[in-house]
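Below is one structure, written out as structure tokens; comments come after it.
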2 protein chains.
Amino acid sequence: MDQRHASALKAAGMKATPKRLAILEMLEAEPGYASPEELWKRLKDRFDRLGLPTVYRNLEELSASGVLSKVIHPNRQLYYYFCSNREHHHHFVCLSCRKVEDIPACGIEALEQEVSKRNGGKVLSHILQLNGLCGGCADNGEKQ
Amino acid sequence: MDQRHASALKAAGMKATPKRLAILEMLEAEPGYASPEELWKRLKDRFDRLGLPTVYRNLEELSASGVLSKVIHPNRQLYYYFCSNREHHHHFVCLSCRKVEDIPACGIEALEQEVSKRNGGKVLSHILQLNGLCGGCADNGEKQ
DNA sequence: ATCCTAAAACGAAATCATTTCTATTTAGAG
DNA sequence: CTCTAAATAGAAATGATTTCGTTTTAGGAT
């Protein structure tokens, strides 16, 4: 099983280690974004030994390879999200329940080009994220 | 002098203390974004006593009031930028020389509304920032 | 199947930017 | 000029994240 994940790892030029696969599994099952420590706590029972630094390292590498996406959180801690959408797009993240919804790519690419043209600079990356409360949390009193 | 800054502080409901004014002055003179510690090092000679926590606190408060803007940096440290543009807009930041250029507001507001409508959520804030190399740094070998 | 090597993981310790806390000082309204 | 809430000092704590030297392992080569 997890052939999908193993393939994704291979495609990213990364070894398909059991820990990496477990991280991907766990994060895929997660309804929203999660922190390295949370994932570690849930995963460490599955392994004789699993270091927190390993989780940090892998999440960072997986995110750099585009297998995972990173959430920009107001508290500046690290959170990751499993997103199978391979198209260029962005996210709406709920600050209450942590759910993540896809936002179709908007006109940023055009904006990038315009900025490049106008000021002669070179845009290397961009950040676009909407923060708020999802439907459920907006209705209820944003319980946590 | 700095009547502008004093007024801005008053408008934000903040006392116009000498240290706040100095922080605004220094940051306005800065060509790009700066870190709390950098500002502190440059400012502490002007005062008998000036604590680093004071600089942190003030930058955060000033940013929350909209008098300053915060830069989202890949290294996740805090950087601030004095931006006199009171219109809603975003920034292109040079990761090499730290220069910041304004980007006119693009269609994010429309996107926000669409997301709200479609998923019933409530967008509380958004982040949009382009990262890259400005004209000068793209030409030269991005010297630092 | 076994070897071999670069990649991955360990985990204790370090880092270090940022925040907290309590006492002291000060801006500015009245 | 007083008074009080707001602001500051500064030492100490925090705690998420990273480093480092060692050990283990995935997976291509034999």
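Proteins come first, then strands; the chains are lettered A, B, ... in the order of their sequence lines, and each starts at number 1.
Side-chain contact between A/Tyr80 and A/Pro36: present, with at least one pair of heavy atoms (C-beta onward) separated by less than 4.5 Å. Looking at B/Leu62 and B/Leu27, their side chains never come closer than 4.5 Å, going by heavy atoms from C-beta outward. For the pair A/Val100/A/Cys83, no side-chain contact is recorded, criterion being any heavy-atom separation below 4.5 Å from C-beta on. A 4.5 Å side-chain heavy-atom check between B/Leu78 and B/Val71 finds every atom pair outside the cut-off. Considering only heavy atoms from C-beta on, A/Lys10 stays 4.5 Å or farther from A/Lys15 through its side chain. Between A/Lys70 and A/Ser63 the shortest side-chain heavy-atom distance falls below 4.5 Å.
A straight line from CZ of B/Arg20 to C1' of D/dA7 spans 6 Å, rounded to a whole angstrom. Rounded to whole Å, atom C1' of C/dA6 lies 14 Å from atom CD of A/Glu61. Atoms CD (B/Glu38) and C1' (C/dA17) sit 13 Å apart, rounded to a whole Å. If you measure from atom NZ of B/Lys19 to atom P of C/dG28, you get 14 Å, rounded to the nearest angstrom. Rounding to whole angstrom units, CH2 of residue B/Trp40 and C1' of C/dC16 are separated by 14 Å. Summarising the geometry, the separation between CD on A/Glu37 and P on C/dG11 is reported as 16 Å, rounded to the nearest angstrom. Between the P atom of D/dT18 and the CD atom of A/Glu60 lies a distance of 7 Å, rounded to the nearest Å. Look at CD1 on A/Ile23: it is 11 Å from C1' on C/dA8, rounded to the nearest Å.
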Give every donor-acceptor pair under 3.5 Å between a side-chain atom in residues 39-53 of chain A and any protein atom, sequence neighbours left out.
residue	atom	partner	partner atom	Å
A/Trp40	NE1	A/Leu50	O	2.8
A/Arg42	NH1	A/Glu30	OE1	2.6
A/Arg42	NH1	A/Glu30	OE2	2.9

N/O donor-acceptor pairs under 3.5 Å from side chains in residues 122-138 of chain B, not counting sequence neighbours:
residue	atom	partner	partner atom	Å
B/Ser125	OG	A/Asn131	ND2	3.3
B/His126	ND1	B/Glu112	OE2	2.5
B/His126	NE2	B/His88	NE2	3.3
B/His126	NE2	B/His90	NE2	3.3
B/Gln129	OE1	B/Ile72	N	3.0
B/Gln129	NE2	B/Ile72	O	2.7
B/Gln129	NE2	B/Asn131	OD1	2.7
B/Asn131	ND2	A/Ser125	OG	3.4

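Side chain of A/Arg86 to backbone of A/Gly66: a donor-acceptor contact under 3.5 angstrom is found. Using a distance-only test at 3.5 Å, with no hydrogens or angles considered, no donor-acceptor pair links the side chain of B/Asn119 to the main chain of B/Gly121.
Looking at residues 45-59 of chain B, you'll see B/Arg49, B/Leu50, B/Gly51, B/Pro53, B/Thr54, B/Arg57, B/Asn58 sit with a heavy atom under 4.0 Å from some atom of DNA chain D. For DNA chain D, the residues of residues 70-81 of chain B within the heavy-atom distance limit of 4.0 Å (strictly under) are B/Arg76, sorted by number.
Atom-to-atom distance recorded for B/Tyr56:OH and B/Glu61:CD is 15.0 Å, nearest 0.5 angstrom.
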For nucleotides 27-30 of chain D, which of its nitrogen or oxygen atoms have a protein nitrogen or oxygen under 3.5 Å away, and what is each distance?
residue	atom	partner	partner atom	Å
D/dG27	OP1	A/Ala16	N	2.7

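Note on the helix from C/dA1-D/dT30 to C/dG30-D/dC1: terminal axis deviation equals 40°, with five pairs used at each end and the result rounded to 10°.
Taking all atoms of both residues into account, the shortest heavy-atom contact from A/Val67 to A/Ala12 is CG2-CB, 4.3 Å.
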Inset, instruction - List the steps and the verdict of ring-ring contact (aromatic ring centres under 6.0 Å, His included) for A/Tyr79 and A/Tyr33. - result: CA-CA 6 Å; A/Tyr79 294 96; A/Tyr33 53 88; 5.2 Å; yes
